[in-house]
Colleague: 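Below you will find the structure I want to go over with you.
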Amino acid sequence: MLEETRPTDSSQEDSQEERQQQIVDMGSATVRTKDGTIHTLTIVGQIEGHQEAPSGAKTTKYEHVLPLLTAVEESGEVDGLLILLNTMGGDIEAGLAIAEMISGMRKPTVSLVLGGGHSIGVPLAVAAKESFIVPSGAMTIHPVRLNGLVIGVSQTFHYFERIQDRICDFVTRNSRISRKDFEGLMLNTGEMAADVGSVIYGEEAVRLGLIDHLGGLSDAMACLHRMMRKGAEGQP
């Protein structure tokens, strides 16, 4: 006679400890639902690129995120990805690399802008197949800035323009905002004190077509579940 095997208390505790350690180490978590398994990735603080951020700064390290996204895409156990954003921006190359990885995924992806998706956080927000922003969420759009020594020659300004073109191309390709409107927000001189650019909030971001939907966590999760169900029904 076969006996039903039940998970022991120790195995449940080990599984819980693994999930907690995953959150501590990577700012991510995996949860199983009736529609499939969802991996949640948080992108917070400063996007750290080739140089380390100052000690004590909250960072998201691209060398952690890139292989994690690869694992999520190739995993037969993960069915969808939820990206939670509350970032001040950071390294342009690293941010664009992460955004390109997300936009190139086959699996269902949904992003949710919480406190803010500023600067290079804008491409990260629009990279998912569906994007959400909470009503109080904010997004800062401004021209490219570089720290450190800058040589004041025409080649430098041409380099700035080419970087901005890459950002504009990615954002307009992955959202409904027009290039004209996005560049207008980026080069606005009447919005921010002693700076160029714009700060937009939840409802305005949706009205401009930058973000797809206004909503919170439950709305983003409901959308991801619908995408996962649709994908499952479409499988042979």
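This is a predicted model, so every value here is computed, not measured. Start at 1 with the first residue, then count along the sequence.
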Colleague: Establish whether V65 and M105 are linked, either directly or via other cluster members, by ILVMFWY side-chain heavy-atom contacts under 4.5 Å.
Modeller: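 Linked within one cluster.
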Colleague: Looking only at heavy atoms, what is the nearest atom pair of R32 and T37, with distance?
Modeller: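 Heavy-atom minimum between the residues: CG-OG1, 3.4 Å.
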Colleague: Can you tell if the side chain of I47 reaches within under 4.5 Å of the side chain of T59, non-hydrogen atoms only?
Modeller: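 With C-beta onward as the side chain, the pair stays apart.
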Colleague: Only one of V199, I177, L210 clears side-chain contact (heavy atoms from CB on, under 4.5 Å) with L185; which?
Modeller: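 Filter result, single survivor: I177.
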Colleague: Okay, side chain of K107, backbone of V72: is any donor-acceptor separation there less than 3.5 Å?
Modeller: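 It does hold such a pair.
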Colleague: Going from CD1 on I141 to CD on E183, what distance comes out if it is rounded to the nearest 0.5 angstrom?
Modeller: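 Rounded to the nearest 0.5 Å, the CD1-CD separation comes to 11.5 Å.
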Colleague: What residues form a side-chain hydrogen bond (donor to acceptor under 3.5 Å, both in side chains) with N174, not counting sequence neighbours?
Modeller: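 With neighbours one apart ignored, the set is empty.
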Colleague: What's the shortest heavy-atom distance between C168 and M186, and which atoms?
Modeller: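 Reported closest heavy-atom pair: SG-CE, 3.9 Å.
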Colleague: Show the numbers, then the answer: is there a side chain to side chain contact (heavy atoms under 4.5 Å, CB included) between F182 and V122?
Modeller: CA-CA 11 Å; F182 187 74; V122 175; 4.1 Å; yes
Colleague: In this structure, would V44 and L112 fall into the same cluster of hydrophobic residues linked by side-chain contacts under 4.5 Å?
Modeller: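 V44 and L112: separate clusters.
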Colleague: Please list all pairs passing the ring-ring contact (aromatic ring centres under 6.0 Å, His included) test where one or both residues lie in residues 81-135, with sequence neighbours left out.
Modeller: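 Sorted pair list: F132-H213.
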Colleague: Are any of the side-chain heavy atoms of M221 and L82 separated by less than 4.5 Å?
Modeller: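 In short, these two side chains touch, coming nearer than 4.5 Å.
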Colleague: Answer yes when E73 and R106 have at least one side-chain N-carboxylate O distance shorter than 4.0 Å, and no when they do not.
Modeller: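 Between R106 and E73 there is a salt bridge, with a charged N closer than 4.0 Å to a carboxylate O.
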Colleague: M227 vs K129, test: side chain to side chain contact (heavy atoms under 4.5 Å, CB included). Steps then yes/no.
Modeller: CA-CA 10 Å; M227 294 169 68; K129 291 179 173 60; 3.8 Å; yes
Colleague: Take M88 and S119 through the test side chain to side chain contact (heavy atoms under 4.5 Å, CB included) and record every step on the way to the result.
Modeller: CA-CA 7 Å; M88 60 182 287; S119 191; over 6 Å; no
Colleague: Which atoms form the tightest heavy-atom contact between M228 and T33, and what is the distance?
Modeller: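 Heavy-atom minimum between the residues: CE-OG1, 4.4 Å.
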Colleague: Drop me the distance from H39's NE2 to T30's OG1, to the nearest 0.5 angstrom.
Modeller: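 The distance works out to 4.5 Å.
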Colleague: Strictly distance-based, threshold 3.5 Å: is any side-chain N or O of S75 a donor or acceptor partner for the main-chain N or O of E77?
Modeller: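 Yes.
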Colleague: Are L217 and D219 close enough that some pair of their side-chain heavy atoms sits under 4.5 Å apart?
Modeller: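 With C-beta onward as the side chain, the pair stays apart.
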Colleague: Would you check if the side chain of T87 reaches a backbone N or O of G45 as a donor-acceptor pair within less than 3.5 Å?
Modeller: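 Confirmed, T87 side chain pairs with G45 backbone.
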Colleague: Per the side-chain contact (heavy atoms from CB on, under 4.5 Å) rule, which among L85, D212, V113 passes with I133?
Modeller: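 The single option meeting the side-chain contact (heavy atoms from CB on, under 4.5 Å) with I133 is V113.
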Colleague: For T70, which residues count as a side-chain hydrogen bond (donor to acceptor under 3.5 Å, both in side chains) partner, sequence neighbours excluded?
Modeller: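 Counting only residues at least two positions away or on another chain, T70 forms no side-chain hydrogen bond (donor to acceptor under 3.5 Å, both in side chains).
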Colleague: Could you please spell out the steps behind the side chain to side chain contact (heavy atoms under 4.5 Å, CB included) verdict for V110 and L81?
Modeller: CA-CA 6 Å; V110 172; L81 175 67; over 6 Å; no
Colleague: Any Lys/Arg nitrogen of R166 or E93 sitting under 4.0 Å from an Asp/Glu carboxylate oxygen of the other?
Modeller: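 A salt bridge links R166 with E93.
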Colleague: How close do V171 and P123 get, heavy atom to heavy atom, and via which atoms?
Modeller: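 Heavy atoms of V171 and P123 come nearest at CG2-CG, 4.0 Å.
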Colleague: Quick one: CD1 on I98 to CD1 on I120, what's the gap to the nearest 0.5 Å?
Modeller: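 Interatomic distance, I98 CD1 to I120 CD1, rounded to 0.5 Å: 9.5 Å.
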Colleague: State the CG-OG1 distance between D181 and T172, to the nearest 0.5 angstrom.
Modeller: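 Reported value, rounded in 0.5 Å steps: 11.0 Å.
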Colleague: Check for me, please, whether L66 and F170 land in the same ILVMFWY cluster - side-chain distances under 4.5 Å, paths through other members count.
Modeller: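 In one cluster with L66: F170, yes.
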Colleague: Restricting to non-hydrogen atoms, name the atom on L214 and the atom on V206 that form the minimum distance, rounded to 0.1 Å.
Modeller: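 Closest approach of L214 to V206, heavy atoms only: N-CG2, 3.6 Å.
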Colleague: Is the side chain of S103 donor-acceptor paired with the backbone N or O of A127 at a distance under 3.5 Å, no angle test?
Modeller: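 The answer is no, because no donor-acceptor pair under 3.5 Å joins these two groups.
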Colleague: Do the side chains of V196 and V144 join up, straight or via other hydrophobic residues, at under 4.5 Å, putting them in one cluster?
Modeller: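 Per the 4.5 Å side-chain linkage, V196 and V144 are not co-clustered.
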Colleague: Between L124 and I163, is there a shared hydrophobic cluster once you connect ILVMFWY residues whose side-chain heavy atoms come closer than 4.5 Å?
Modeller: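 Looking at the clustering, I163 is in the same group as L124.
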Colleague: What distance separates D35 CG from K230 NZ, expressed to the nearest 0.5 Å?
Modeller: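 Reported to 0.5 Å precision, the distance equals 14.5 Å.
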Colleague: Could you grab the distance from atom CE of M139 to atom OG of S198, nearest 0.5 Å is fine?
Modeller: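 These two atoms lie 12.0 Å from each other.
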Colleague: Check E100 with R173, please: is the shortest side-chain N to carboxylate O separation under 4.0 Å?
Modeller: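 A salt bridge links R173 with E100.
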Colleague: So, D165 and R179, do they make that salt bridge, N to O below 4.0 Å?
Modeller: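 The answer is yes: the pair qualifies as a salt bridge.
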Colleague: Do you know which two heavy atoms are closest between S175 and G209, and how far apart they sit?
Modeller: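 Scanning both residues, the minimum pair turns out to be CB-O, 3.6 Å.
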